[in-house]
Amino acid sequence: MPIEDLARTEVVSASPETSVSELAQQMRDENVGSVVVTNDNSPTGIVTDRDLTTRVLAEETTPADQTADDVMSTDLCTVGPDAGFYEAAQAMSENGVRRLPVCDENDELVGIITADDLTELLADENQQLASVIQAQRPEY
């Protein structure tokens with residue numbers, strides 16, 4: 001199953017100039033743990049709730065003085081919409097990330113897939129397998 005079938009297309013994104021306070025409000029309002037930073041709909045970085053904790057709060061910097069560009073991770077790992085489950089899981093594992101922006105052939109952001117999404121998919125697959133086993137089990 002291609003990632004494009006699993007990826008959430010309602011990606012929360014912001015420009016590099018977006019203030020840290022606005023990023024936190026977006027995360028709260030959209031109930032997400034990250035904001036993809038884009039430039040002309042092409043991802044240039046990502047800010048996670050952890051980034052806000054470790055790069056703003058722990059450093060005791062003033063949030064009003066910080067922007068997405070100041071706190072985002074720029075070593076962005078992405079996958080294409082045709083990537084499969086294992087390719088996405090391997091990319092997450094090899095890069096130590098829990099979120100993968102999904103980009104089309106023009107490097108434009110089209111979605112995001114998270115470790116939680118992959119875990120939910122696995123749970124659904126396990127439930128389907130359990131249903132097969134239960135259907136074939138003799139009645140006692």
Side-chain angles (χ1 to χ4, degrees):
M1 173 181 298
I3 288 300
E4 67 183 341
D5 294 343
L6 303 171
R8 287 177 278 141
T9 55
E10 309 86 36
V11 183
V12 178
S13 63
S15 71
E17 300 82 26
T18 304
S19 74
V20 166
S21 296
E22 288 179 72
L23 294 172
Q25 290 167 6
Q26 278 185 285
M27 288 184 205
R28 179 199 62 208
D29 295 346
E30 299 291 334
N31 197 29
V32 296
S34 65
V35 174
V36 179
V37 181
T38 60
N39 206 352
D40 294 327
N41 203 35
S42 186
T44 59
I46 191 166
V47 177
T48 67
D49 46 8
R50 187 172 194 285
D51 292 331
L52 296 181
T53 301
T54 60
R55 296 180 183 161
V56 179
L57 296 175
E59 296 296 322
E60 296 182 5
T61 61
T62 305
D65 297 339
Q66 299 287 309
T67 65
D69 196 43
D70 296 324
V71 299
M72 69 182 182
S73 297
T74 56
D75 54 342
L76 201 58
C77 178
T78 64
V79 293
D82 293 333
F85 173 90
Y86 292 106
E87 185 179 340
Q90 184 174 15
M92 286 180 188
S93 176
E94 288 176 356
N95 293 282
V97 297
R98 298 178 44 86
R99 299 164 180 92
L100 289 175
V102 179
C103 297
D104 65 14
E105 62 278 352
N106 298 318
D107 197 35
E108 290 191 358
L109 185 64
V110 296
I112 190 164
I113 188 84
T114 67
D116 289 349
D117 297 329
L118 296 181
T119 300
E120 186 176 336
L121 174 66
L122 282 177
D124 290 345
E125 294 294 325
N126 280 332
Q127 183 59 46
Q128 290 296 323
L129 183 58
S131 296
V132 169
I133 292 169
Q134 289 170 348
Q136 294 178 351
R137 184 177 291 151
E139 292 186 29
Y140 295 104

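Both backbone and side-chain heavy atoms feed into the values below; hydrogens, waters and symmetry mates do not.
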Other ILVMFWY residues reachable from L57 by side-chain steps of under 4.5 Å: none
Apart from I133 itself, residues in the same hydrophobic cluster as defined by side-chain heavy atoms under 4.5 Å: L129
Which residue in the set V79, T78, V11, V37 passes side-chain contact (heavy atoms from CB on, under 4.5 Å) when paired with P101? T78
Residues in side chain to side chain donor-acceptor pair (under 3.5 Å) contact with [X], at least two apart in sequence or another chain:
X    : answer
E105 : none
T61  : none
S15  : E17, T18
N41  : none

So, E94 and Q90: side-chain donor and acceptor under 3.5 Å apart, yes or no? yes
[X] side, atom [atom1]; [Y] side, atom [atom2] - distance, nearest 0.5 Å:
X    : Y    : atom1 : atom2 : result
T67  : E22  : OG1   : CD    : 10.5 Å
D117 : I112 : CG    : CD1   : 8.5 Å
L118 : I113 : CG    : CD1   : 5.0 Å

Testing the basics here: between [X] and [Y], what is the closest heavy-atom pair and its distance to 0.1 Å?
X    : Y   : result
L76  : G45 : CD2-N, 3.8 Å
A68  : V47 : O-CG2, 4.1 Å
L100 : C77 : CD2-O, 3.5 Å

What pairs with [X] under side-chain contact (heavy atoms from CB on, under 4.5 Å), at least two apart in sequence or on another chain?
X   : value
N39 : T44
S21 : S19, P63
T38 : S13, V36, L109

What pairs meet the salt bridge (charged side-chain N to carboxylate O under 4.0 Å, His left out) rule with one or both residues in residues 51-68, with sequence neighbours excluded? D51-R55
Please, which pairs that meet salt bridge (charged side-chain N to carboxylate O under 4.0 Å, His left out) have at least one residue in residues 31-50, sequence neighbours excluded? D49-R99
Contacts of D116 that satisfy salt bridge (Lys or Arg N to Asp or Glu O under 4.0 Å) - sequence neighbours left out: R98
Side-chain heavy atoms of M27 within contact of V12, under 4.5 Å: no
Give a yes or no on whether N106 atom CG has more than 12 heavy-atom contacts from other residues, nucleotides or ligands under 6.0 Å away. yes
Main chain of A115, side chain of T119: is a donor-acceptor contact present, judged purely on distance under 3.5 Å? yes
